[in-house]
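Here the structure comes first, spelled out in structure tokens, and everything after it is commentary.
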Amino acid sequence: MARLWHKFGPVLTVVIAIFVMWYAGSIALNSAWAHDKAQRAGKVLTTSELVADTMSQKKPRLPAPHQVGAEIWKTTGAMVLRGRAFSKRSLFYHSWITLSSTALGFLMGTALGVALAVGIVYNRTMDMSVMPWVIASQTIPILAIAPMIIVVLNAVGISGLLPKAVISMYLSFFPVVVGMVKGLRSPDHMQLDQMKTWSASGQQEFWRLRLPSSMPYFFTSMKIAMAASLVGAIVGELPTGAVAGLGARLLGGSYYGQTIQIWSALIMAAALAACLVGFIGILQRRVLKRMGMA
Amino acid sequence: MTQAEANETSCQPVISARNLSLTFQTNDGPVHALKDVDLEINKGDFVSFIGPSGCGKTTFLRCIADLENPTGGEITVNGMTAEQARKARAYGYVFQAAGLYPWRTIGGNIRLPLEIMGYSRADQDTRIERVLELVELAGFEKKFPWQLSGGMQQRASIARALAFDADILLMDEPFGALDEIVRDHLNEQLLKLWARTNKTIGFVTHSIPEAVYLSTKIVVMSPRPGRITDVIESTLPQERPLDIRDSPEFIEIAHRVRDGLRAGHGDNV
């Protein structure tokens with residue numbers, strides 16, 4: 001029991017604290033509307049009536065956790081039970097749409113990031129010229145550039161998954177470039193001199209020394225890139241007319257003031273991000289342990 | 001080949017430096033790491049370089065290895081320029097740190113230069129086995145570096161430098177980070193190894209007993225500018241048990257080394 005508490009106690013405490021603050025927040029934020037309704041009906045609310053009302057409004061300013069929970073259950077578990085897990089009203093369906101462009105964008109971004117990093121480390125011209133552009137690319141607000149990417153790619157006949165993945169790639173290559181440049185340069189002087197004493201070629205040095213040395217940096221940057229990819233995918237779904245995906249649920253929710261829908265999509269996005277980053281974390285532990293670098 | 005010619009080639013120095021100078025340009029003005037260094041090292045010599053830090057002993061070793069570019073004079077290794085010799089893989093180099101790759105086993109680490117140099121897989125395997133036996137690490141092939149002590153790691157790094165066909169072994173304070181007891185043991189092993197392999201060894205140290213115990217030739221150096229102050233040909237026999245360090249002969253050589261170091265320092269100490 002004591003050991004169980006030692007393991008889960010701190011986490012549980014934080015979760016409880018969040019819920020308490022969340023409930024307090026929703027009572028505080030939603031009470032104005034509750035008072036409004038009561039006044040128009042010519043009634044005066046008791047405290048318990050007020051609290052009950054703030055937690056059961058249809059379009060609350062801040063939905064209570066159990067309302068969000070119920071909405072998530074209605075659009076996930078309940079639909080699975082009815083055998084309609086991938087209907088267009090299911091959050092699984094929307095998460096899948098977002099996940100597929102996140103994953104594709106992440107892979108493209110990681111590949112681009114590694115390629116640029118190799119170029120920067122091995123080519124003096126690229127070393128001098130590429131980094132400022134990479135940094136400049138990240139100072140442009142993604143919300144400004146995302147619609148243009150969609151429009152431009154649409155004009156050349158590319159639509160659907162790829163434009164959203166390109167936006168994910170745009171956000172996710174950056175941490176990979178920065179991390180991998182550092183990682184590929186992490187071998188010290190002695191290790192590089194050692195390679196020189198064996199008269200190793202550039203390729204041998206890359207595959208046998210620089211690339212393995214960069215692995216801790218690689219996994220750390222991939223974690224950041226994965227989170228950035230998800231943000232990119234969600235942002236990419238906004239200008240496409242809110243057809244499908246978690247971004248579409250967010251936008252649709254805000255069109256119609258469906259705060260509960262917005263919050264459930266947000267929670268789903270957070271859970272998705274946690275799963276993806278957690279997956280890379282597991283991969284990182286396994287690989288680095290095998291390589292004796294953990 | 002006639003006998004005279006054979007003598008001729010065997011007497012040709014393996015490493016020869018003439019007026020070798022190396023000046024580093026720093027913000028505080030030029031630093032003369034080496035100035036007019038002349039030295040010849042013959043085949044099968046065990047040469048120690050000793051001197052205080054800044055005397056250029058490591059720099060000289062790195063010049064032999066073509067890891068530094070001299071700014072004056074010339075150096076030949078096996079009759080070639082240092083660069084040609086490095087590209088011909090004429091030497092194995094042991095650094096102060098073992099520098100084993102944590103993601104490779106001990107065997108894998110020794111295999112690394114063999115892979116780079118393109119030895120066949122079967123040849124790699126026999127060589128790994130042979131050098132591990134040579135440094136008394138047989139049976140540790142599949143262990144990872146973190147499973148070995150510091151001394152064992154350094155032995156593995158020596159094995160790695162011995163695995164390929166280079167008849168020169170350059171060692172830059174290889175035992176500097178190890179404790180006295182391990183060091184004694186490794187010194188003893190190194191002498192046996194040298195006798196068995198007949199390599200030419202260049203060994204940088206700042207321990208007088210280590211230099212005297214190991215070497216056939218002791219090069220005493222002094223700093224500012226880095227130069228050679230004395231070259232001592234050892235009179236100790238080939239066979240050297242550890243207690244030879246208590247013999248009067250040993251003490252006499254050690255004394256001469258110490259005098260050389262003191263002379264190099266001038267009155268600055």
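In what follows, every chain begins at residue 1, and chains take the letters A, B, ... in the order their sequences are listed.
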In terms of heavy-atom proximity below 4.5 Å to chain B, should A:Met195 be classed as side chain, backbone, both, or neither?
-> side chain
In terms of heavy-atom proximity below 4.5 Å to chain B, should A:Leu209 be classed as side chain, backbone, both, or neither?
->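 Looking at A:Leu209, backbone and side chain both touch chain B.
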Would you say [X] has more than 12 foreign heavy atoms packed within less than 6.0 Å of its [atom1]?
X        : atom1 : value
A:Lys196 : NZ    : yes
B:Arg130 : CZ    : yes
B:Asp179 : CG    : yes
B:Lys143 : NZ    : no
B:Glu180 : CD    : no
B:Glu129 : CD    : no
A:Tyr122 : OH    : yes

Criterion side-chain contact (heavy atoms from CB on, under 4.5 Å) on A:Gln204 and B:Met117, from CA distance to verdict | CA-CA 10 Å; A:Gln204 288 170 330; B:Met117 296 175 191; over 6 Å; no
What residue in B:Asp66, B:Leu112, B:Leu170 has the most heavy-atom pairs under 4.5 Å with chain A?
->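 Looking at each of B:Asp66, B:Leu112, B:Leu170 in turn, B:Leu112 comes out on top.
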Sort out for me which of B:Trp146, B:Phe95, B:Tyr91 touches chain A most, counting heavy-atom pairs under 4.5 Å.
-> B:Phe95
Do you know which of A:Glu205, A:Met293, A:Met215 has the most heavy-atom pairs under 4.5 Å to chain B?
-> A:Met293
Evaluate side-chain contact (heavy atoms from CB on, under 4.5 Å) for B:Arg104 paired with A:Arg208, printing each intermediate quantity in order.
-> CA-CA 10 Å; B:Arg104 282 177 173 249; A:Arg208 289 181 169 77; 3.9 Å; yes
Return yes if some donor-acceptor pair links the side-chain N/O of B:Arg89 with the main-chain N/O of A:Trp198 below 3.5 Å, else return no.
-> yes
Taking B:Arg86 for the side chain and A:Ser199 for the main chain, is one N or O donor matched with an acceptor at less than 3.5 Å?
-> no
With side-chain contact (heavy atoms from CB on, under 4.5 Å) as the test, would you mind laying out the steps for B:Tyr101 and A:Ser213 before giving the verdict?
-> CA-CA 9 Å; B:Tyr101 292 5; A:Ser213 305; over 6 Å; no
For the atom pair [atom1] ([X]) and [atom2] ([Y]), what is the distance rounded to the nearest 0.5 Å?
X        : Y        : atom1 : atom2 : value
A:Gln194 : B:Tyr93  : CD    : OH    : 11.0 Å
B:Leu67  : A:Leu192 : CG    : CG    : 11.0 Å
B:Arg62  : A:Thr197 : CZ    : OG1   : 10.5 Å

Atom of B:Pro102, atom of A:Gly292 and distance for their closest heavy-atom approach =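 Distance-wise, the nearest heavy atoms are CB-O, 3.6 Å.
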Bottom line for B:Ala97: the part with an atom under 4.5 Å from chain A's heavy atoms is both
